[in-house]
Protein chains: 2
Amino acid sequence: MNKVIESKNGCIAKAMNILGNKWTALIIRDLYLSPKRFCELERSVTKINPRTLTKRLNLLEEENIIKKVRINSDSLTYCYELTKKGSDLLPILKKMSDWGDKYFKD
Amino acid sequence: MNKVIESKNGCIAKAMNILGNKWTALIIRDLYLSPKRFCELERSVTKINPRTLTKRLNLLEEENIIKKVRINSDSLTYCYELTKKGSDLLPILKKMSDWGDKYFKD
DNA sequence: CAGTATCCTTGTTGATACTG
DNA sequence: CAGTATCAACAAGGATACTG
């Protein structure tokens with residue numbers, strides 16, 4: 001039984017830098033279901049305000065967790081979708097969900 | 001392929017309520033290696049200050065993630081160790097570490 | 001629609017000194 | 001040793017109104 005959790009120091013911190021912010025887990029969960037536009041996220045991530053949503057999307061894009069794609073060439077509307085790096089966060093969220101489900105039956 | 005991540009809403013948030021605070025992941029990682037006393041945690045979780053460590057330990061104890069056990073009956077020194085609920089957080093940390101390791105080779 | 005700009009409130013953490 | 005007390009600093013998030 002190997003008790004080493006981090007193969008090297010700071011790996012957990014890297015993930016927490018992304019997931020530790022409010023709303024981020026919900027944004028990723030929702031984008032995993034399908035790519036979404038700004039206003040769709042505003043609706044699916046209830047209660048988030050546009051300033052915060054913008055900040056999250058910018059950070060996630062900088063970190064290459066999501067990418068912003070133009071819906072069609074003659075439009076200025078964009079759509080956000082998970083990258084591979086982003087969808088690789090899902091196992092973490094799944095483990096969180098498992099834990100929450102196990103210990104909070106209410 | 002099932003796209004549902006949370007079996008019910010709020011499960012991820014429950015885990016994030018615990019792990020989302022600074023230092024918490026490190027405390028859990030260190031207590032997993034072995035139970036520790038306050039001053040040992042102060043040393044192993046470098047840079048944490050006693051006020052914050054106290055707050056973390058109290059929260060984790062309230063949430064039944066750790067328990068405080070008296071080292072011997074005639075002493076006032078205590079030791080903190082993970083409960084089952086606490087060690088069940090480790091798979092989350094492990095997934096975080098895997099992700100960080102995969103995407104931050106530096 | 002897709003954000004940006006301002007301002008404000010609150011929560012979180014740190015520094016430091018102190019106590020039983 | 002195992003914390004507690006006090007104060008300061010800062011970051012994060014919310015409310016709201018506005019723009020191209």
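In what follows, every chain begins at residue 1, and chains take the letters A, B, ... in the order their sequences are listed.
A donor-acceptor distance shorter than 3.5 angstrom exists from the side chain of A:Ser97 to the backbone of B:Ile5, with no hydrogens or angles considered. In terms of modelled atom types and a separation under 3.5 Å, the side chain of A:Glu40 and the main chain of A:Ser44 share no donor-acceptor contact.
Atom-to-atom, NZ of B:Lys47 to C1' of C:dA15 comes out at 13 Å; the value is rounded to the nearest Å. If you measure from atom CH2 of B:Trp23 to atom C1' of C:dT12, you get 13 Å, rounded to the nearest angstrom. The CG atom of B:Leu59 sits 11 Å away from the P atom of C:dT13 (whole-angstrom rounding). Atom pair B:Asn17:CG and C:dG11:P shows a separation of 14 Å (rounding to whole Å applied). B:Asn58 places its CG atom 16 Å from the C1' atom of C:dT13, with the value rounded to the nearest Å.
Chain B approaches DNA chain D over the interval D:dC1 to D:dT6, counting the first and last nucleotide 5' to 3' with an atom under 4.0 Å from its heavy atoms.
When each of A:Val45, A:Leu26, A:Leu41 is checked for a side-chain contact (heavy atoms from CB on, under 4.5 Å) with A:Leu31, only A:Leu41 meets the rule.
Residues A:Met96 and B:Ile12 come closest through the heavy atom pair SD-CG2, 3.9 Å. Shown here for B:Ile92 and A:Ile92, the closest heavy-atom pair between the two residues is CG2-CG2, 4.3 Å. Closest non-hydrogen pair, B:Lys8 versus A:Lys105, comes out as CE-O, 4.3 Å. Heavy atoms only, all atoms of each residue included: B:Val4 and B:Asn2 are closest at N-OD1, 2.9 Å.
Comparing the start and finish of the helix from C:dC1-D:dG20 to C:dG20-D:dC1, five pairs each, the helix axis swings through 50°, to the nearest 10 degrees.
Near DNA chain C, defined here as any heavy-atom distance below 4.0 Å, there are no residues from residues 27-41 of chain B.
Of the two residues near DNA chain C, A:Thr77 and A:Arg51, the one whose nearest nucleotide lies more 5' is A:Thr77.
For B:Lys3, the NZ atom is densely surrounded, since the number of other residues' heavy atoms within 6.0 Å is greater than 12.
The pair B:Lys102-A:Asp88 counts as a salt bridge, with a side-chain nitrogen and a carboxylate oxygen less than 4.0 angstrom apart.
For the 3.5 Å distance criterion, the side chains of A:Tyr103 and B:Asn64 fail to qualify, holding no donor opposite an acceptor.
B:Thr52 comes within contact range of the sugar-phosphate backbone alone, with a heavy-atom separation under 4.0 Å but no base atom that close. Using a 4.0 Å heavy-atom cutoff across all strands shown, B:Lys55 reaches at least one base atom of the nucleic acid.
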- Quick one: do B:Leu93 and B:Tyr32 satisfy side-chain contact (heavy atoms from CB on, under 4.5 Å)? Show the steps, please. CA-CA 11 Å; B:Leu93 299 185; B:Tyr32 173 62; over 6 Å; no
